[in-house]
Amino acid sequence: QVQLVESGGGLVQAGGSLNLSCAASGGTISSYARGWFRQTPGKEREFVAALTWSAGYPYYADSVKGRFTISRDNAKNAVYLSMNSLKPEDTAVYYCAAKIRTIASGLLWFPERYDYWGQGIQVTVSS
């Protein structure tokens, strides 16, 4: 069974950087788009960034624009999230996701539109 596996989370001080990776395990996922979401206790899963796989076009939440960068490696079937200038409010469990079929770009913001999910990885930013 194909799964998405995140790595690279951890603890960092405010202003620091972390790089998250997400790769498919057990096979290859041919996806229209890959996304990153995050969630804190008691809150809904929040869109962070997405990338259309073929065109490589990125989308970002306003809260991370200019600080986070989403990228991909076609050969590794992997997606990355480079996070800079981290703030305590970025603390969350981060999830990667894959959308298989083409959808309107505006729908990439909604977690229920995605078909595959990773198990999540903790990112903690201390003040």
Side-chain angles (χ1 to χ4, degrees):
Q1 183 177 356
V2 179
Q3 301 178 62
L4 295 174
V5 180
E6 301 98 339
S7 60
L11 173 65
V12 65
Q13 288 189 331
S17 299
L18 277 176
N19 295 310
L20 303 183
S21 301
C22 174
S25 172
T28 300
I29 294 178
S30 179
S31 51
Y32 165 70
R34 297 278 186 94
W36 287 97
F37 291 78
R38 64 188 183 187
Q39 191 169 23
T40 54
K43 293 190 176 181
E44 293 186 353
R45 198 162 291 190
E46 174 191 29
F47 173 79
V48 175
L51 185 74
T52 56
W53 200 256
S54 178
Y57 195 86
Y59 301 88
Y60 297 99
D62 287 343
S63 59
V64 306
K65 202 172 292 183
R67 300 188 297 123
F68 290 12
T69 302
I70 187 170
S71 61
R72 74 191 191 293
D73 185 323
N74 288 340
K76 295 182 179 179
N77 199 226
V79 65
Y80 307 98
L81 187 68
S82 176
M83 305 185 292
N84 298 308
S85 302
L86 282 162
K87 305 175 182 179
E89 51 263 43
D90 294 318
T91 296
V93 176
Y94 283 71
Y95 298 88
C96 71
K99 173 60 185 171
I100 303 303
R101 294 185 181 275
T102 303
I103 58 172
S105 59
L107 296 178
L108 290 173
W109 267 250
F110 300 97
E112 61 268 25
R113 296 290 180 172
Y114 287 77
D115 305 297
Y116 289 91
W117 288 89
Q119 79 285 356
I121 193 163
Q122 179 70 44
V123 170
T124 302
V125 184
S126 63
S127 57

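Fair warning: this is a prediction, and the values are worked out from it, not measured in the lab.
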Here the gap from Cys22 atom SG to Tyr116 atom OH, rounded to the nearest 0.5 Å, amounts to 13.0 Å
Qualifying residue for side-chain contact (heavy atoms from CB on, under 4.5 Å) with Val93, from Arg45, Gln119, Gln122, Arg38: Gln122
CZ/Arg72: more than 12 non-hydrogen atoms of other groups inside 6.0 Å: yes
Could you walk me through whether Thr28 and Asn77 pass side-chain hydrogen bond (donor to acceptor under 3.5 Å, both in side chains), step by step? CA-CA 7 Å; Thr28 300; Asn77 199 226; 4.7 Å; no
Determine whether Ser82 and Asn84 make a side-chain contact, defined as any pair of heavy atoms from C-beta on separated by less than 4.5 Å. yes
Between the CH2 atom in Trp36 and the CD atom in Glu46, the distance rounded to the nearest 0.5 Å is 14.5 Å
What closest approach, in Å, do Leu51 and Gly56 show between heavy atoms, and which atom pair accounts for it? CD1-O, 3.2 Å
Quick one: do Glu6 and Tyr95 satisfy side-chain contact (heavy atoms from CB on, under 4.5 Å)? Show the steps, please. CA-CA 7 Å; Glu6 301 98 339; Tyr95 298 88; 4.0 Å; yes
When you measure from the side chain of Thr52 to the backbone of Tyr57, do you find a donor-acceptor pair of N or O atoms at a distance under 3.5 Å? yes
Flag the pair Thr91 / Thr40 as yes when at least one side-chain heavy-atom distance between them is below 4.5 Å, and no otherwise. no
Quick one: do Ser63 and Glu89 satisfy side-chain contact (heavy atoms from CB on, under 4.5 Å)? Show the steps, please. CA-CA 10 Å; Ser63 59; Glu89 51 263 43; over 6 Å; no
What about the rings of Phe37 and Phe47, do their centers lie closer together than 6.0 Å? yes
Taking it one step at a time, do Tyr60 and Thr69 satisfy side-chain contact (heavy atoms from CB on, under 4.5 Å)? CA-CA 8 Å; Tyr60 297 99; Thr69 302; 3.8 Å; yes
Transitive ILVMFWY side-chain link Val79 to Leu108, under 4.5 Å: no
Report the residues that fulfil side-chain contact (heavy atoms from CB on, under 4.5 Å) with Ser7, sequence neighbours left out, ordered by chain and then residue number. Ser21
What I want to check is whether the side chains of Arg101 and Tyr32 have a donor and an acceptor closer together than 3.5 Å. no
Taking all heavy atoms of Tyr114 and all of Ala50, pick out the closest pair and write down the distance. OH-CB, 3.8 Å
Centroid separation under 6.0 Å, is that true for the rings of Tyr59 and Trp109? yes
Tightest non-hydrogen contact, residues Ala14 and Ser127, listed as CB-CA, 4.4 Å
Common cluster, Met83/Leu11, ILVMFWY with side-chain heavy-atom separation under 4.5 Å: no
Under a 4.5 Å cut-off applied to non-hydrogen side-chain atoms, are Ile29 and Leu4 in contact? yes
State yes or no: do Phe68 and Tyr80 share one hydrophobic cluster built from I, L, V, M, F, W and Y residues joined by side-chain heavy-atom distances below 4.5 Å, directly or via other members? no
Show the nearest heavy-atom pair for residues Ser31 and Ala98, with the distance to one decimal. CB-CB, 4.2 Å
Can you see which heavy atom on Leu86 is nearest to which on Arg67, and at what distance? CA-NH1, 3.8 Å
For a quick test of reading the model, state the closest non-hydrogen atom pair linking Ala24 to Val2 and the distance between them. CB-CG1, 4.2 Å
Verdict with reasoning, Asp115 to Lys99, per side-chain contact (heavy atoms from CB on, under 4.5 Å): CA-CA 5 Å; Asp115 305 297; Lys99 173 60 185 171; 3.5 Å; yes
Paired with Ile70, the side-chain contact (heavy atoms from CB on, under 4.5 Å) test is passed by just one of Val48, Leu20, Leu81, Val64, namely Leu81
Check the pair Asp90, Lys87 against salt bridge (Lys or Arg N to Asp or Glu O under 4.0 Å), reporting the backbone distance first and the verdict last. CA-CA 5 Å; Asp90 294 318; Lys87 305 175 182 179; over 6 Å; no
Shared hydrophobic cluster, Tyr94 / Leu18 (ILVMFWY, side-chain heavy atoms < 4.5 Å): yes
